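Counting starts at 1 for both ligands and their atoms, in listed order. Only a predicted model underlies this, so the values are computations on that prediction, with no experimental measurement involved.
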Amino acid sequence: MERQRQDGVSAESNPDICEAVRRLCASFPGPYWQAHDRERTYPAQFVSAMTEAGFLSVLIPEEYGGSGLGLQAACAVLEEVHRSGGNGGACHAQMYTMGVILRHGSSEQKARWLPAIASGDLRLQAFGVTEPGASTDTSRITTFARREGDHCVVSGQKLWISRAEYSDLMVLLCRTTPRDQCAKPSDGMSVLLVALREAVGNGLTIRPVRTMLNHATTELFFDGLRVPAANLIGKEGQGFRHILDGMNAERILIAAECIGDGRFFIDRASTYAREREVFGRAIGENQGVQFPIARAHVQLSAAALMVDRAAAMFDTGEPCGTEANMAKMLASEASWFAADMALQTHGGFGFVRGI
Ligand SMILES: Cc1cc2nc3c(=O)[nH]c(=O)nc-3n(C[C@H](O)[C@H](O)[C@H](O)COP(=O)(O)OP(=O)(O)OC[C@H]3O[C@@H](n4cnc5c(N)ncnc54)[C@H](O)[C@@H]3O)c2cc1C
């Protein structure tokens, strides 16, 4: 059935991108995602199609083979994937993890890595920060990179590292100076780019962590992994700051995915409310059904404006930490409400797996 388009901010500002993504996603309908969820498998075909279409390299400058567009365009891509019922979480990190190389890498490092990431020959979609003993308090990480000649020798453990099994490269944050020897707790951490395929079995072990949803996340064990010192990105000891400025892009993009999810729920609920007849008329003729759909639409549209504002500020280089956080909070809450509304609108059928 032809979907009714609502006033998505991204759809208004990037109609061509949205249309192209929608066409691609039409080849990956609900049953494709349901099968991967059921089997807990990685949607490799979808990720390849997104790569080949160039949607994952929109943030890479043209000189390195990307399309050199901004975060608003990237938001449009991910919003549309989710509005179409897909899951950008399988590959969204390919868009933004390279930001640490782009912003803090040397010109040699950019020339070496970015073109291969832009073409998709190399996947950089793993980001290793969190540890079981540090969690939200990143300054407490203990994974340590000790300098030995022209190598760094890494030992420690990471947890919740998504897509590590499906990535060629990983941005790794580790301590290079013990916390108690630093002027500030956030000093003394550095960023290394790790070639995962070579590392596995040579000082790195990857173990999948099974989660409630089909999310490819893992725990990592480092035992004397040797990483060339040439793979140190940015200034030694300044890694926490280098990582932090990339988190705004991540937050804004995930907020855009939440907007797409919310639109998906509203599309589904509106359609069902028009079609499902109870007491001899469409359930959507009742205000008790209409009002939650309208509220979901209002909340989502307001959140979308915040996402768009945060993305616009990011694109013009303005500090946008507050706006990125507001966008993610508002969009996730609006999306959650829309999901609940869609479930209620579908009555008992909302409980069925795979409709
Ligand atoms: C599916 C998934 C994928 C992930 N992918 C990655 C990844 O790719 N790379 C990566 O590095 N990390 C990843 N993470 C890690 C994620 O960023 C962490 O879960 C997060 O940093 C929180 O750590 P924690 O889960 O150990 O919670 P904890 O730090 O143990 O916190 C537990 C709870 O306490 C709250 N809390 C903690 N301190 C305070 C405080 N001072 N005041 C109020 N509340 C507080 C927290 O908000 C949380 O609700 C992923 C996590 C998940 C679940």
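Within a 4.0 Å radius of atom 32 (C) of ligand 1, the protein contributes no non-hydrogen atoms. In this structure, atom 49 (O) of ligand 1 has no protein heavy-atom contact shorter than 4.0 Å. Closer than 4.0 Å to atom 44 (N) of ligand 1 lies none of the heavy atoms of the protein. Distances from atom 39 (C) of ligand 1 to the protein include no heavy-atom value under 4.0 Å. For atom 15 (C) of ligand 1, the nearest protein heavy atom lies closer than 4.0 Å. Counting only heavy atoms, the protein never gets under 4.0 Å from atom 35 (C) of ligand 1.
When only modelled atom types and interatomic distance are considered, Thr218 and Arg207 share no side-chain donor-acceptor pair under 3.5 Å. For Arg241 and Ser186, the side-chain atoms include at least one donor-acceptor pair closer than 3.5 Å.
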Q.
Show, in sequence, the C-alpha distance, side-chain angles and deciding distance for Glu80 and Arg83, and conclude whether the salt bridge (Lys or Arg N to Asp or Glu O under 4.0 Å) test is met.
A. CA-CA 5 Å; Glu80 193 57 47; Arg83 183 170 191 169; 5.4 Å; no
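Close contacts of ligand 1 with Val129, meaning ligand atoms under 4.0 Å from a residue heavy atom, involve 11 (O). Near Ser162, the atoms of ligand 1 lying under 4.0 angstrom from a non-hydrogen atom of the residue are 3 (C), 4 (C), 5 (N), 6 (C), 7 (C), 8 (O). Which parts of ligand 1 touch Phe127 is read off a 4.0 Å heavy-atom cut-off, strictly below it: atoms 7 (C), 8 (O), 9 (N), 10 (C), 11 (O).
Tyr32 places a side-chain N or O within donor-acceptor distance of the main-chain N or O of Phe46, the cut-off being under 3.5 Å. The closest donor-acceptor contact from the side chain of Ser167 to the backbone of Met170 lies at 3.5 Å or more, if one exists at all. A donor-acceptor pair under 3.5 Å is formed between the side chain of Gln109 and the backbone N or O of Leu232.
Nearest non-hydrogen protein atom to atom 12 (N) of ligand 1 is Thr130 OG1, 2.7 Å. Looking from atom 29 (O) of ligand 1 to the surrounding protein, the closest heavy atom is Thr136 OG1, 2.4 Å. Shortest contact from atom 26 (O) of ligand 1 to any protein heavy atom: Ser135 OG, 2.7 Å. Scanning the protein for heavy atoms near atom 1 (C) of ligand 1, the closest one is His215 CD2, 3.6 Å. The protein heavy-atom contact nearest to atom 7 (C) of ligand 1 is Trp160 O, 2.9 Å.
Other residues, nucleotides and ligands contribute at most 12 non-hydrogen atoms within 6.0 Å of the CG atom of Asp223. By the 6.0 Å contact criterion, CH2 on Trp336 is open, its count of non-hydrogen atoms from other residues, nucleotides or ligands being 12 or less.
Note: the hydrophobic cluster containing Met313 does not contain Leu78 (ILVMFWY, side chain heavy atoms under 4.5 Å, direct or indirect links).
In this structure, Ile161 has a heavy atom closer than 4.0 Å to ligand 1.
Nearest heavy atoms, His82 versus Gly88: NE2-N, 2.8 Å.
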